[in-house]
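So that the names make sense, note that chain A is the first sequence line, chain B the second, and so on, each numbered from 1.
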Amino acid sequence: MNPLLPFLMAGDPSLEALPGLLSEARSLGIEAMELGLPHSDPIADGPVLQAAAQRAIGRGATPLRVLEALAGITDSPDVILFTYLNPLLQIGARRLQTLLAPTPVKALLVVDLPFGEEPAFEADLRAAGYPVVPLLAPTTTLERARQILLERPDPGPGAPFAQRFAYVVARLGVTGTGQAMDLGPVSARIQQLRTISARPLAVGFGLSDPRSLAAVRALGATPVVGSALVQELASGRGLSDMLSGRLVGDA
Amino acid sequence: MNPLLPFLMAGDPSLEALPGLLSEARSLGIEAMELGLPHSDPIADGPVLQAAAQRAIGRGATPLRVLEALAGITDSPDVILFTYLNPLLQIGARRLQTLLAPTPVKALLVVDLPFGEEPAFEADLRAAGYPVVPLLAPTTTLERARQILLERPDPGPGAPFAQRFAYVVARLGVTGTGQAMDLGPVSARIQQLRTISARPLAVGFGLSDPRSLAAVRALGATPVVGSALVQELASGRGLSDMLSGRLVGDA
Amino acid sequence: MTTGFSLSSRFGTQSLGGCYAPETLMQPLLDLEAAFRAALADPAFEAELKTELRNFVGRPTPLTPAPRLAAKLGLKALFLKREDLTHTGAHKINNALAQAILARRMGKTEIIAETGAGQHGVATAAACARLGLACTVYMGVTDMARQAPNVARMRLFGTRVVPVEAGQGTLKEAVNEALRAWAGSCDRAHYILGSALGPHPFPTLVRSFQTVIGEEARAQVLEQSGALPEVVLACAGGGSNGLGLLVPFLGDALRRVAVEAGGHGMVLGEHAARLDGGRMGVLHGCKTLLLQDEHGHTAETASISAGLDYPALGPELAALVLDRKVEVRRASDDEALLGARQLCEAEGILPALESSHALALLPALAAEGVATILLGLSGRGDKDLSTYQARLGI
Amino acid sequence: MTTGFSLSSRFGTQSLGGCYAPETLMQPLLDLEAAFRAALADPAFEAELKTELRNFVGRPTPLTPAPRLAAKLGLKALFLKREDLTHTGAHKINNALAQAILARRMGKTEIIAETGAGQHGVATAAACARLGLACTVYMGVTDMARQAPNVARMRLFGTRVVPVEAGQGTLKEAVNEALRAWAGSCDRAHYILGSALGPHPFPTLVRSFQTVIGEEARAQVLEQSGALPEVVLACAGGGSNGLGLLVPFLGDALRRVAVEAGGHGMVLGEHAARLDGGRMGVLHGCKTLLLQDEHGHTAETASISAGLDYPALGPELAALVLDRKVEVRRASDDEALLGARQLCEAEGILPALESSHALALLPALAAEGVATILLGLSGRGDKDLSTYQARLGI
Ligand SMILES: Cc1ncc(COP(=O)(O)O)c(C=O)c1O
Ligand SMILES: Cc1ncc(COP(=O)(O)O)c(C=O)c1O
């Protein structure tokens, strides 16, 4: 099981720093990580990621520049590109594949793309090796969850975690605003989802302290840490420092 | 024919000055004059008389104080009390007669009392020797003029000018705002009115310069001078000076 | 040319009303009455007015049941007659438009009006723009400041707004100035008086153009509830919306209540409550209950509401009150503010400060055991936003 | 629980619209569609809505012939559909009230809304007060400043107004924030979107609650003039009043025209004209014509009118335009101001800045030889007074 799924915002603090950060993550044993593509209208993000995206855009971290910066990087965890649909649509599925090819990106997490809305686009990308990560929210019924997992199928144990996992949104709301979370409902939710699927699960939204992370791991799922990392990174803390503390800990 | 009908605002510049002013007017040969009772809502007055009334009220020239100040004065032209109806109504016809008795007031010019609106009140006062002056405006039809003169009849040559005359309003508008007036229409109007009545006529509203006054006199009517006098008096000019210049002049 | 009035100019057992006008205005007033009578007898006038009231003004205005406010106050039913939904936002347009049409019929090319709250000024400005008549509105400087949005609206409609500095700079002074202006232009101008006051025939004219409110409301409340309410309630400045709503209910066995501005105190000068505070007098051409001092000078008044601070109650309404056909109550500034807030929060309707005085009386009526009320919401409160903000701390 | 949409979520030959929502909102959107369908099938819903539209909102709104403005512009006839006369002063209330009733049927106790011009916010605040629902409105700080009266009105109705600092501080950012808030409270809250945009079923929902405008107008213009006009004309922000007016005329042989905000220039960022300036994209849950830069980031926009500066044209209206059933034109800030002034002076009606964009197109249509026009006057201009004063020098 992948012990942690960190999230970073591309271009924050800078695009130049990105290769170093990815390499650093990998050296800590991080198998996969999410990389946010800064967007003008991040409707599912809380204040921390909004501000990070804003800073990154201000520093010129456009989608193409981000993909350029990723091109050729091999010393990296598998990257899950966390993004909104419109920038991808504007690039187009074909061109996107070309741009993604030289990068460590292995999957796409498209916040505002439910299955079925862009079937051709999504199928093209999956065929090219860029599956769209299934998201399961607290509002997602079990029936709908089954459908989502079917529409965005597990490529099987031969594929890397980045292409297999389903993202379990731990609570209502947007990214990052979590306080110390009651993990009871998450635990129940994971048990419930286990009845319909055996694929790897990541749990995100509002996780931060080592204890919560360990608790998620104890449930057999991979915790996602996003806003906390982005904030600490912005305040000058080193990635290794931040991650290493979060890779251990008791539930 | 009475050569001039001056208008003063009671209490402006002061009630104390009133006896002296009246005596001065009389010594100049003024037979009758209008005396304004300062009112809070002088709807037929222009800015000059509004301001004079405001000053007078500010100095305490209430209706009762004005009548008090007039009481016992004998060295005076006949006074025509120029007033709005409400202060008189509040005093009441009976009490008003008592208050007027020791004064030189001989008639009332009640700006907002058309004939027929307060018949008992008006009849009481007339019976007591205080007739209400008939007003004839430019909008008054000849038919209505006839009716007005009938309702407020001429007591006859035995009575003083103050109780006999009809007031011809020379133009549309309020008191005082006149510039050099075209006397053509006034002349026509007087000729027209002569066809229905032989009583003395006074012509007012906007008259000021000696030439206009002389022209009115040449028509056989008495000119009224109001706002101009009030303004000059307020600016410190002496009454004799102001009046003597206006008692002569060529048409 | 007419030489005498044909319609009765007096109201009630004490003969209020009348026509105490300067002679210059007598013939224009006689002509106006004649034109009014001719118009009433002319189906074309009625048709034009009806069409404009429907297509331009938005009549009939709704009758809105207010169940949440009723429940809060312990009433069984509360109905609001929504003059706030008329074009320009108050009942004033009913009269302004009708008089403007009348003026055009009379061949007048200019309109003069006074305004207090600005609603009559805006309504007149709108009617004049609609009919192509030049318009001048006189407004006290105090009212211009506290009803600034309405000044801007009038100007946008191409109306000249003339500030009146005299006295308290409110409605009374504006009427003074408008009457003066009319005396100077009555050959070509019509004066559209904004409430049921002034010399005959204005009180009758204005009331007759406003009873559409009560006529509609009476039919609507019967249709909606199958019965008449126990109380019909309206605020009273000059009295036009009060008469407009209440007169059509005069034949009914119910209480008719008018609410005056209680201002911030009981002493003369601190309110505009003419029934307790006023004595019979003559102002602006009619005899009625008037706030005045012992000299017969018009008294100063105070109200948070620019439309209710007129020192005289219109003569017909005053007569109905003196003859016990209408009750008069008062509501203070603070009570009116509370009434407004309650309606806002319970029903999502922002009332004019004037109308809020009627709302302010609801708790007292409920406490008296009244269960069903029809209330005249004479206007909307957009013009009063800055006052509400300041006084309610919004 | 519903697991799939039943109504079509796509518009036109290019399949605009859709439901591009974060997963958290998918079930609420599915539930909303189900509730909407159930409501449409329930005569009790229709009856309640109809009653409230009549008694509270003031429907039907009048159709006002504007003969003087028509003559000035060389038109034979001009008709104005008077949404400015609705309660709260714009067409927005039709949708806000209907959705609030729907939300209460769904057992929701809280309402979230975004607002640009403030009209949708005020309408939602009023509807929530009327129905006893708690209400929070998100509004960009720029819009809060330029539509300050509407902020005060919302607060008086007991609504919490949350300032949104991000970006340009206008409607787009307010929608972002409202969507985020909804994702955090969708278990108890309904989001009342204010225009025909956002994820399915909102565009369909909003349009279906707004077509009452065009249905009434079509019957009224036939009744008043015996014929349909040559052109039906409305301004277009998100597109709700445009669709509301135009859709009922889709089967008729006449020109349907929507007017976008031309702002103060032709360069991206200087206007909000999505047809020429926009490319297909996804924003706020739907695919449509979108002003965006080459990176797929939403572009800044500019308009004097807070209600027309949204960077996307609602998907159904965009589809009708692309499929040539509706024409799109643009009007600049200055043209809109002139259009407003002309209506004020010729007819005594003060239009919202949004509606003024439709008015601004009249001279061009007249120059094209059009003789009869029906124009949607979507709202009143009281909220825009300070802009009119500053820009027209009143
Ligand atoms: C909304 C509103 N209601 C009431 C009034 C009071 O006038 P009236 O008593 O004539 O109805 C006014 C006066 O401006 C007003 O604007
Ligand atoms: C009066 C008015 N008209 C038009 C609009 C534009 O919105 P839509 O295109 O949804 O009608 C708005 C938006 O706030 C508005 O307030």
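- The two residues Pro114(B) and Ala21(C) have their closest heavy-atom pair at CG-O, 3.3 Å.
- Heavy-atom proximity under 4.5 angstrom to chain B picks out Lys172(C), Asn176(C), Glu177(C), Leu179(C), Arg180(C), Ala183(C) from residues 164-183 of chain C.
- Only the side chain of Pro28(C) has a heavy atom closer than 4.5 Å to any heavy atom of chain B.
- Between Leu172(B) and Ser185(C) the shortest side-chain heavy-atom distance does not fall below 4.5 Å.
- Interface residues of residues 82-92 of chain B toward chain C, defined by a heavy-atom distance below 4.5 Å and sorted by number: Leu85(B), Asn86(B), Pro87(B), Leu89(B), Gln90(B).
- With values rounded to the nearest 0.5 angstrom, Leu135(B) atom CG is found 8.0 Å from Thr24(C) atom OG1.
- Side-chain contact between Arg10(C) and Glu117(B) is present, with heavy atoms from C-beta onward closer than 4.5 Å.
- Residues satisfying the ring pair (Phe, Tyr, Trp, His ring centres under 6.0 Å) criterion with Phe11(C), sequence neighbours excluded, are absent altogether.
- Checked by atom type, the side-chain pair Thr140(B)/Glu23(C) shows a donor-acceptor distance below 3.5 Å.
- Summarising the local packing, CZ of Arg160(C) is surrounded by 12 or fewer heavy atoms from other residues, nucleotides or ligands at distances under 6.0 Å.
- The minimum heavy-atom distance between Arg144(B) and Leu30(C), with the atom names listed, is NH1-CD1, 3.9 Å.
- Proximity to chain C is limited to the backbone of Pro38(B), based on heavy atoms less than 4.5 angstrom apart.
- Judged by distance alone, with hydrogens and angles left aside, the side-chain atoms of Ser40(B) form a donor-acceptor pair with the main-chain N or O of Thr298(C) at under 3.5 Å.
- Chain B forms the most heavy-atom pairs under 4.5 Å with one residue out of Cys186(C), Pro199(C), Pro22(C), and that residue is Pro22(C).
- Contacts between residues 278-297 of chain C and chain B, defined by a heavy-atom separation under 4.5 Å, are made by Arg279(C), Met280(C), Gly281(C), Val282(C), Leu283(C), His284(C), Lys287(C), Leu290(C), Gln292(C), His295(C), Gly296(C), His297(C).
- With a 4.5 Å cut-off on non-hydrogen atoms, Gln54(B) does not touch chain C at all.
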